[in-house]
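In listed order, ligands and their atoms are each counted from 1.
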Amino acid sequence: MAEEVDVIVVGMGPGGEDAAGRLAAAGLAVVGVESRLVGGECPYFACVPTKMMVRGSDLLAEGRRVNGMAGTAQVTPDWSPVAARIRDEATDDWDDKAAVDRFTSKGGRFVRGRGRVTGPNEVTVGDQVFRARRGIVLNPGTDPVAPPIEGLAGTPFWTNREIVKVTEIPESLLVLGGGVVGAEMAQVFARFGAKVTVVEVADRILAVEEPESSALIAKTFERDGIAIRTGAKVSRVSHDGKAFTLHLEDGELSGERLLVAAGRRTDLKALGIGAAGLDESARTIEVDGNLRAGPGIWAIGDVTGKGAFTHMSMYQADIVVRDILDEEGSPANYRAVPRVTFTDPEIGSVGLTEAQAREQELPIRIGTTRLQDSTRGFIHKVDNEGFIKLIEHADWGTLVGATVAGPMGGEILGALAVAVHAEVPVKELREMIYAYPTFHRAIQSALADLG
Ligand SMILES: Cc1cc2nc3c(=O)[nH]c(=O)nc-3n(C[C@H](O)[C@H](O)[C@H](O)COP(=O)(O)OP(=O)(O)OC[C@H]3O[C@@H](n4cnc5c(N)ncnc54)[C@H](O)[C@@H]3O)c2cc1C
Ligand SMILES: NC(=O)c1ccc[n+]([C@@H]2O[C@H](COP(=O)([O-])OP(=O)(O)OC[C@H]3O[C@@H](n4cnc5c(N)ncnc54)[C@H](O)[C@@H]3O)[C@@H](O)[C@H]2O)c1
């Protein structure tokens with residue numbers, strides 16, 4: 001016999017947890033279903049632990065910058081405080097009791113297990129069947145993809161789920177995939193002493209970002225001693241019990257450990273969405289402005305394909321909560337999605353890249369400036385390289401995209417995220433006062449370059 005509730009949330013990633021808790025707090029009968037840990041990938045295997053690693057490697061880099069600028073410093077990396085912080089402070093040793101309690105204390109009912117959509121408004125978890133009066137919210141997230149390379153399956157490679165639990169830095173690390181995960185982890189491990197090689201099939205690392213961002217990070221990686229192989233096709237992987245070998249068209253690469261960071265996907269068939277009339281063979285779940293995938297079924301987070309970020313999951317959760325509670329609010333708008341790659345220097349971007357704007361055949365003007373040419377860059381001196389790149393819609397006179405790559409790039413981005421989101425006229429941006437001598441004052445120079 002099915003048990004009737006108001007809402008069933010399947011997958012409690014950042015957005016699912018938030019929506020389930022808020023709907024329960026609003027007095028609805030909510031069942032939250034999670035097969036692993038409440039909170040999802042972000043707090044246990046992704047954003048938070050990896051940014052603690054980045055914080056560690058940034059500190060090492062900053063310590064090394066003392067030399068020649070403010071005295072002498074010798075920095076000796078030690079991974080153990082980083083590993084301990086991740087275990088004790090970030091993940092509570094990968095225990096979600098606090099998150100489960102937070103949800104149940106709001107009146108939610110928690111079910112640990114793998115939920116499967118078994119009909120319109122129906123979810124089955126093991127031998128329990130739930131039927132939702134208002135609907136189902138799907139927040140299943142994504143799993144790391146292991147590319148179909150001969151020999152890879154069955155080897156003890158790492159994904160993000162293993163690398164956050166590492167207690168010792170290996171002597172060498174091969175990174176398959178030079179996207180965000182690959183780039184962030186490559187730099188961390190190199191700065192903690194591993195010999196790192198990034199193997200990327202595309203013709204540049206961070207290929208979704210501006211080419212200038214890829215070039216800046218490639219140059220920094222060279223200084224960090226990280227080898228980059230782009231346009232690389234791995235035909236076979238082997239592991240002899242001690243080391244991995246990647247077989248490429250033009251030779252072999254060996255390393256003690258292998259991180260596979262080659263993208264992510266969701267198994268929509270296993271989620272059973274066909275039973276609710278949705279397409280199980282698609283890569284993502286199609287949603288409307290209110291995140292509705294169909295009558296009585298919503299989807300949020302990575303699975304919607306609108307940007308695999310925690311802030312996206314939370315943004316979408318907010319809209320779903322309003323929709324379910326019949327509250328006023330605007331539909332989703334993806335004009336100004338910000339993203340930050342936490343390498344050093346950071347790559348912050350929002351909206352469209354130049355290539356995306358050209359693909360859409362928008363009439364655009366480009367404005368750029370180098371951060372090292374700004375007064376703050378001059379003062380900063382060591383590792384001051386970076387740039388601001390603006391994409392202006394020439395007819396609208398507003399920015400449709402921007403990148404800030406450089407020291408604190410992700411923080412400086414905030415000003416440009418507001419400009420793109422609020423469609424602030426470029427004329428207004430030119431008339432603003434920018435504090436001297438900040439990095440963000442360089443926005444003025446990039447605006448002047450728009451022509
Ligand atoms: C290494 C790494 C670093 C990242 N760093 C950042 C960052 O710095 N900033 C940022 O914004 N984003 C970052 N991300 C992306 C971010 O982690 C995700 O976008 C974020 O977790 C939101 O995902 P989600 O809401 O789709 O669900 P997820 O966080 O993926 O959670 C989904 C949950 O659903 C559960 N689940 C799935 N199917 C079922 C089912 N059938 N039944 C029950 N439970 C189910 C899963 O166990 C999981 O716990 C990073 C990702 C990675 C891999
Ligand atoms: N700072 C952040 O906000 C942050 C950090 C990490 C991850 N994320 C999110 O997680 C998502 C997943 O990250 P990711 O880095 O795993 O995926 P990704 O899709 O960003 O990058 C994967 C990379 O692997 C390459 N690749 C794929 N198959 C390959 C193969 N066989 N050989 C060599 N290279 C191969 C791709 O060309 C691509 O460059 C990101 O898109 C991002 O949205 C965000």
Side-chain angles (χ1 to χ4, degrees), residues 8-19 32-51 53-54 96 99 111-117 123-125 138-149 152 159-161 163-164 175-185 198-209 214 229-235 237 246 248 259-268 270-273 299-304 306-314 316-317 337-343 346-348 410:
I8 309 163
V9 178
V10 181
M12 295 179 81
E17 179 190 7
D18 184 56
V33 186
E34 171 56 54
S35 58
R36 293 187 302 140
L37 297 167
V38 172
E41 203 80 2
C42 179
Y44 298 101
F45 305 101
C47 329
V48 180
T50 62
K51 262 79 267 177
M53 295 177 180
V54 167
D96 66 350
V111 177
R112 180 94 60 195
R114 187 150 277 279
R116 192 176 155 76
V117 179
V123 170
T124 300
V125 192
L138 300 173
N139 178 222
T142 46
D143 296 308
V145 165
I149 301 173
L152 177 61
T159 67
N160 66 296
R161 298 199 179 142
I163 207 165
V164 297
V175 178
L176 189 69
V180 204
V181 175
E184 290 180 352
M185 292 300 95
V198 178
V199 181
E200 168 57 57
V201 70
D203 62 359
R204 58 187 172 99
I205 58 168
L206 297 179
V208 298
E209 296 297 342
S214 305
R229 298 285 293 267
T230 50
K233 292 192 181 63
V234 179
S235 56
V237 177
L246 302 185
L248 303 158
L259 169 67
V260 175
R264 312 189 58 90
R265 71 176 197 102
T266 312
D267 187 346
L268 294 179
L271 192 58
I273 59 170
I300 56 176
D302 293 7
V303 76
T304 62
K306 305 293 185 193
F309 306 106
T310 288
H311 43 273
M312 180 60 71
S313 185
M314 301 291 289
Q316 294 177 325
V337 179
R339 52 197 186 275
V340 178
T341 300
F342 291 89
T343 42
E346 289 178 358
I347 309 295

- [ ] Flag the pair D143 and R161 as a salt bridge only when some basic side-chain nitrogen lies within less than 4.0 angstrom of an acidic carboxylate oxygen.
- [x] yes
Task: Electrostatic pair K233:E200 at N-O distance under 4.0 angstrom - done: no
Proximal candidate to [atom] [heavy atom criterion; set [options]]:
atom                    : options                : answer
atom 8 (O) of ligand 1  : K51, R36, M312         : K51
atom 33 (C) of ligand 1 : E184, M314, E41, E34   : E34
atom 20 (C) of ligand 1 : T310, L259, T341       : T310
atom 29 (C) of ligand 2 : T230, V237, V201, V54  : V201
atom 22 (C) of ligand 2 : G177, A232, A261       : A261
atom 31 (O) of ligand 1 : G11, G13, G113         : G13
atom 38 (C) of ligand 2 : M185, E200, K233, R204 : E200
atom 15 (C) of ligand 1 : A19, C42, A308, P43    : A308

Under a 3.5 Å distance rule, please check whether [X] uses its side chain to pair with a backbone N or O of [Y] as donor and acceptor.
X    : Y    : answer
R116 : A270 : yes
E34  : R112 : no
S214 : I205 : yes
T304 : I300 : no

Task: T341 and E209: CA distance, side-chain angles, deciding distance, side-chain hydrogen bond (donor to acceptor under 3.5 Å, both in side chains) verdict - done: CA-CA 10 Å; T341 300; E209 296 297 342; 4.5 Å; no
Please determine if [X] has a nitrogen or oxygen closer than 3.5 Å to a nitrogen or oxygen of ligand 1.
X    : value
S35  : yes
N160 : no
G15  : no
G115 : yes

Can you tell me which residue and heavy atom of the protein come closest to [atom], and the distance to 0.1 Å?
atom                    : value
atom 6 (C) of ligand 2  : V181 CG2, 3.5 Å
atom 40 (C) of ligand 2 : V180 CG2, 4.0 Å
atom 28 (N) of ligand 2 : A262 CB, 3.6 Å
atom 17 (O) of ligand 2 : G263 CA, 3.4 Å
atom 2 (C) of ligand 2  : V340 O, 3.4 Å

TODO: Take every heavy atom of A270, measure it against each atom of ligand 1, and state whether any distance is under 4.0 Å.
DONE: no
TODO: Determine whether any heavy atom of M185 lies closer than 4.0 Å to an atom of ligand 1.
DONE: no
Below 4.0 Å, non-hydrogen atoms only: which portion of [X] touches ligand 2? Side chain, backbone, both or neither.
X    : answer
I205 : neither
E184 : side chain
V234 : neither
P147 : side chain

Open item on the list: Could you tell me if N139 and E17 have a donor-acceptor pair between their side chains, going purely by distance under 3.5 Å?
Closed with: no
Open item on the list: Suppose I only count heavy atoms of F342 and a 4.0 Å limit; which atoms of ligand 2 are within that range?
Closed with: 1 (N)
Task: ligand 2 to I149 polar contact by distance, N or O atoms, under 3.5 Å - done: no
Open item on the list: If I apply the N/O under 3.5 Å rule, does A308 come out as touching ligand 2?
Closed with: yes
TODO: Let me know which of V10, I273, V303, D267 forms a side chain to side chain contact (heavy atoms under 4.5 Å, CB included) with P140.
DONE: V303
Task: Proximity flag R264 to ligand 2, non-hydrogen atoms under 4.0 Å - done: yes
